[in-house]
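Remarks on the structure that follows.
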2 protein chains.
Amino acid sequence: MRARPTLEKVAARAGVSRATASRVVNGSTRVAPRIREAVNRAVEELGYVPNQAARSLVTQRADSIALVFPEPATRVFSDDPTFAGIIRGVSLEIEEADKQLVLMLTGPDGSYQRVERYATNGHVDGVIVASMHGTDPLPGILTRRGVPVVCGGRPSVPGDLRYVDMDNAGGAERAVRHLVERGRRRIATIAGPQDMIAGIDRLAGYRDVLRDSDHRSIVAVGDFTRESGAIAMRQLLADDPDLDAVFVANDLMALGALRTLGRAGRAVPGDVAVVGFDDIPAAAYAEPPLTTVRQPTVEMGRRLARMVLDPEDRAPVVLPTELVVRESTRRS
Amino acid sequence: MRARPTLEKVAARAGVSRATASRVVNGSTRVAPRIREAVNRAVEELGYVPNQAARSLVTQRADSIALVFPEPATRVFSDDPTFAGIIRGVSLEIEEADKQLVLMLTGPDGSYQRVERYATNGHVDGVIVASMHGTDPLPGILTRRGVPVVCGGRPSVPGDLRYVDMDNAGGAERAVRHLVERGRRRIATIAGPQDMIAGIDRLAGYRDVLRDSDHRSIVAVGDFTRESGAIAMRQLLADDPDLDAVFVANDLMALGALRTLGRAGRAVPGDVAVVGFDDIPAAAYAEPPLTTVRQPTVEMGRRLARMVLDPEDRAPVVLPTELVVRESTRRS
DNA sequence: GAGTCATGTGAGAGCGCTCTCACGAGCATC
DNA sequence: GATGCTCGTGAGAGCGCTCTCACATGACTC
């Protein structure tokens, strides 16, 4: 289709002024029924769709929101379904609000200034930052510039940034308590990176429970990749050959750990019980199926979107996590 | 947010007209060096960034392209890193062209008309459709409406649609030939859905090699999910208990198949060799590590983006796939 | 010294839309 | 019948930008 019809054409066809046509298109009530009908008919017949650029120009709204994945997230992006869940959730909510989703994956270089420029210039009504490190400067900068921002994950610097987070500490506590209840004595952990809030909080949850239950804590640190989980598990086994349980800060690392355990001849859950975190689809398909902590990723996306669309909504949200018990922690 | 400076302000500060300021901002060469410099300084000092809406309004370009995942893709989205790779690739290329990426995941309902309306109305310079079924009507509709479209995956109806595809048949052939060379006699396959081009082509590759090498073909069909792979494998085992190899049309199903084999007491690769397709990260971490066919997902994204940005480029692209040999087909 | 030409610059139109404001019609009030 | 409403409608300004066109300037030709 070449020439797209303009409001002018619609108005002409309906025999009204452009202003009235605009009123009908934008759903104003103060239009006489028969005129409204005439305009709607004209819209229908002409296949009219408003030109967003023209609209934005005058309303100063963009009717679109940006979802930014800073570089560290981008790196894990391809292998961690968590992000896919968040994207789905955001997309669903955005669609309901009849807005558009602009996805920005920032590269390793300074392409983050690109985001800054883009976002501070009215191209977008709000920005969702899937902040991995809680220390990312971007949310602060944008907020100061007056752009509505919401962080996915609690920023590590307490401030007035709005955020939606998972109950990481609570989930970790439940997971570790579960291991204690199953009679495990030497419970180690493979923690996530300690510059990410999820890594920090999950480790804190582990520590809290062990302290209260009088167990010793045994910690190795990974970076949330399978590979690092496998390596950390090896190290743990070397440090304490008698450990009989591991709480792993995410499923990807837990899968790596499972592999190391298998190769080291340790039976799971016979010799060692394993709990992961995230409940990615692969967890249920691990051998043995992995006990893990489920987090509502799609819901997180939805809440992020809803919050960014409502600048008044300032209350942080912490979404509940849930322990999913499978074979990897079966009573031995 | 303080009022963003307009071109007018920049021009005033630099002591030139709006037109000249515009020339400098848009990189016209026909501007005197010292004036160009003055304007650039003003831009710098004021922190000027062009208003995209205003620009689009007059240029009729949107400087953004849409990446559409039709519903079936959306469903697998969360668990198949293939899509993440494509998104990364598209994002990289789009970023280089200094344009924006609008992501649209269509829901199960008719939200696809939303895409149609959006795309046919100049909001977007082009559309990339990650067409799962080759029969999706969307690409055709948009093309006819004059919107540049590129399909990810060859459309099943031969026509003039532009596309970038993987060499599915070639990859499948190499995989099956590999099994033959390793001395496997009864080579089964778990095919993908036969309404998706990837499913069809991979099965065709399998059939071609077996026909030529005088093996019998044994086929079960899955839907590219782990679960369906596990089920299909059970069926295959029931159909032909003596099979000694399986070519599985994607890694997710292969992972499911591996699990079934393990539970059925079949050693891999001792009793049964397994080859997957995709080379997702989990494949290398399977037990045993999975021989599979690697496809360049990021490259596919890049090519899709490049093609959609250049409406003249009409030549279909078929990207090479590569066999990655791992433990699951070790010589027995 | 008049004519030609390339070159750089500014004036101004106009992209398609929203929104303010003024106005006329209809109705109730006094 | 004059006054004051409300209600629906149209005229018109203007959002920030690009781009065409006309114009000014200076270099060059004959």
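Below, read A as the first sequence line, B as the second, and so on, with proteins coming before strands; counting in each chain starts at 1. Note that the coordinates shown come from a computational prediction; the quantities given were computed from them, not determined experimentally.
- Residue pairs meeting the salt bridge (Lys or Arg N to Asp or Glu O under 4.0 Å) criterion with at least one partner in residues 9-28 of chain B, sequence neighbours excluded, are B/Glu8-B/Arg18, B/Arg13-B/Glu45.
- The overall bend of the helix from C/dG1-D/dC30 to C/dC30-D/dG1, read as the angle between its terminal helix axes built from five base pairs each, is 50° when rounded to 10 degrees.
- Toward the 5′ end of DNA chain C lies the nearest nucleotide of B/Gly15, the other residue of the pair A/Ser22 and B/Gly15 mapping further downstream.
- First and last contacts of DNA chain D with chain B, using any nucleotide atom under 4.0 Å from a protein heavy atom and ordered 5' to 3', fall at D/dG16 to D/dT20.
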Quick one: do A/Thr143 and A/Ile141 satisfy side-chain contact (heavy atoms from CB on, under 4.5 Å)? Show the steps, please. CA-CA 5 Å; A/Thr143 301; A/Ile141 294 174; over 6 Å; no
Would A/Glu93 and A/Arg303 count as a salt bridge (Lys or Arg N to Asp or Glu O under 4.0 Å) if you check the C-alpha gap in whole Å, the side-chain angles of each, and the deciding distance to 0.1 Å? CA-CA 8 Å; A/Glu93 204 71 27; A/Arg303 299 301 286 268; over 6 Å; no
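- The residue among A/Ile35 and A/Arg18 whose nearest nucleotide of DNA chain D lies closer to the 5′ end is A/Ile35.
- Judged purely by atom type and a 3.5 angstrom limit, A/Asp125 uses its side chain to pair as donor or acceptor with the backbone of A/Ala62.
- Contacts between residues 53-65 of chain A and DNA chain D, counted as heavy-atom distances below 4.0 Å, involve A/Leu57, A/Val58, A/Gln60.
- Of all heavy-atom pairs between A/Pro70 and A/Val129, the closest is CG-CG1, 3.9 Å.
- Counting non-hydrogen atoms under 4.0 angstrom, A/Ala19 reaches a base of the nucleic acid.
- More than 12 heavy atoms of other residues, nucleotides or ligands shown are found within 6.0 angstrom of CG on A/Asn26.
- Looking at residues two or more places apart in sequence or on another chain, you find no salt bridge (Lys or Arg N to Asp or Glu O under 4.0 Å) involving B/Arg162.
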Take B/Met104 and B/Val127 through the side-chain contact (heavy atoms from CB on, under 4.5 Å) test and state the conclusion after the steps. CA-CA 10 Å; B/Met104 307 187 88; B/Val127 177; over 6 Å; no
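- Each salt bridge (Lys or Arg N to Asp or Glu O under 4.0 Å) pair with one or both residues in residues 56-67 of chain B, not counting sequence neighbours, appears once here: B/Arg61-B/Asp63, B/Asp63-B/Lys99.
- Put simply, the side chain of B/Ser56 gets close to the backbone of B/Gln52: a donor and an acceptor are under 3.5 Å apart.
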